[in-house]
Amino acid sequence: MPSLKALNQEIARMQRLIRATPFNRCLEIIPSFANLTFQGGVYAIKSSEEEILYIGKTGSFRTRFQGGHQGLVRIFLAGHRAEDIRILPISTTDRFAEDLLKLERSLIVNIVPRYNKRIPDILEVVKMIQLQAVPASGNIQQLLQFLPEQIQQQLEAHADHYGIPEQKLFERAVAFFLDPDGTTFADVEPDVRGIGVISEENQVLKAENESLKARLRSLGAEDL
């Protein structure tokens, strides 16, 4: 689960894109919506007069419109021509895949598009967003709260850069600590001998290493 700060930053980023992207840089309405990708995220429908007519969310832009879009139908019935409206898809990373509803509702409340059938109650959206700061029981997010702030910031920045959730990043780090060959907890093969046994083995290996060096020196390999 992204932090509250990260979620608000993503909402702000999307809102800037929706307001600032001009009509001529949005995608035209064409048969089968073949110019849309199968990626998921939030999208806006804009008019040639730069009005934001509708905002929605989807797991696949092309599938959403190919399956029939009631908001688009309402826009057409209101007299807008296909050539005068375009679609602006805004993809999200896997990090926000479970937060599309929060992103969509926040944007609708902030922008209030004319053809969204239901405008969410602002208190409902605020409560939904605030829950982002409360980790779910048993979630790795609880562990993240105990890390130093600078470490949390580094994890968040790294997660942003690679487009993966902080939990998954943290999981990989712990998995690597337990087993350098493990990429996730499922791959980890932990050493069950115990720290004490491993420490004793290290001491034995160290003594054997010193003994070997001494023997090599006695044979004339002084540089070793």
Novice: Taking Lys46's backbone N and O only, do any of them form a donor-acceptor pair with Arg86's side chain (distance below 3.5 Å, no angle check)?
Specialist: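 Checking the backbone N and O of Lys46 against the side chain of Arg86, no donor-acceptor pair under 3.5 Å is found.
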Novice: Taking the side chain as every heavy atom from C-beta outward, state whether Pro113 and Leu53 have any atom pair closer than 4.5 Å.
Specialist: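 No, every pair of side-chain atoms sits at 4.5 Å or beyond.
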Novice: Find out if a path of hydrophobic residues (ILVMFWY) with successive side-chain heavy-atom gaps under 4.5 Å connects Ile111 to Leu88.
Specialist: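 Yes: a chain of side-chain contacts under 4.5 Å links Ile111 to Leu88.
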Novice: Is it the case that more than 12 heavy atoms not belonging to Glu51 sit under 6.0 Å from its CD atom?
Specialist: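 Count over threshold, so yes.
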Novice: Going by the ring-ring contact (aromatic ring centres under 6.0 Å, His included) test, which pairs reach into residues 81-110, not counting sequence neighbours?
Specialist: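 Output for this query is empty, none listed.
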Novice: Would you mind listing every side chain to side chain donor-acceptor pair (under 3.5 Å) that reaches into residues 29-41, with sequence neighbours excluded?
Specialist: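 Residue pairs passing side chain to side chain donor-acceptor pair (under 3.5 Å), neighbours aside: Gln39-Ser91.
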Novice: Apply the side-chain contact (heavy atoms from CB on, under 4.5 Å) test between Ser106 and each candidate in Val125, Asn8, Leu7; give the one that qualifies.
Specialist: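 Exactly one candidate clears the test, Val125.
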Novice: Do Phe33 and Phe61 have ring centres separated by under 6.0 Å?
Specialist: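 No, too far apart.
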Novice: Would you say the ring centers of Phe76 and His69 fall short of 6.0 Å from each other?
Specialist: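 Centroid distance Phe76-His69: not below 6.0 Å, so no.
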Novice: What closest approach, in Å, do Leu72 and Ile45 show between heavy atoms, and which atom pair accounts for it?
Specialist: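 Scanning both residues completely, I find the closest heavy atoms to be CD1-CD1, 4.1 Å.
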Novice: Test your reading of the model: is there a side-chain donor-acceptor pair from Lys57 to the backbone of Gly40, 3.5 Å cut-off?
Specialist: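 No, Lys57 side chain to Gly40 backbone: no donor-acceptor pair under 3.5 Å.
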Novice: Would you please name every residue forming a salt bridge (charged side-chain N to carboxylate O under 4.0 Å, His left out) with Arg81, sequence neighbours left out?
Specialist: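 Partners of Arg81 under the salt bridge (charged side-chain N to carboxylate O under 4.0 Å, His left out) test: Glu83, Asp84.
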Novice: Closest approach of Ser60 and Thr63, non-hydrogen atoms and distance?
Specialist: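 For Ser60 versus Thr63, the nearest heavy atoms are OG-OG1, 3.0 Å.
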Novice: Measure across Pro120 and Ile108 and return the closest heavy-atom pair with its distance rounded to 0.1 Å.
Specialist: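 Scanning both residues completely, I find the closest heavy atoms to be CD-CG2, 3.4 Å.
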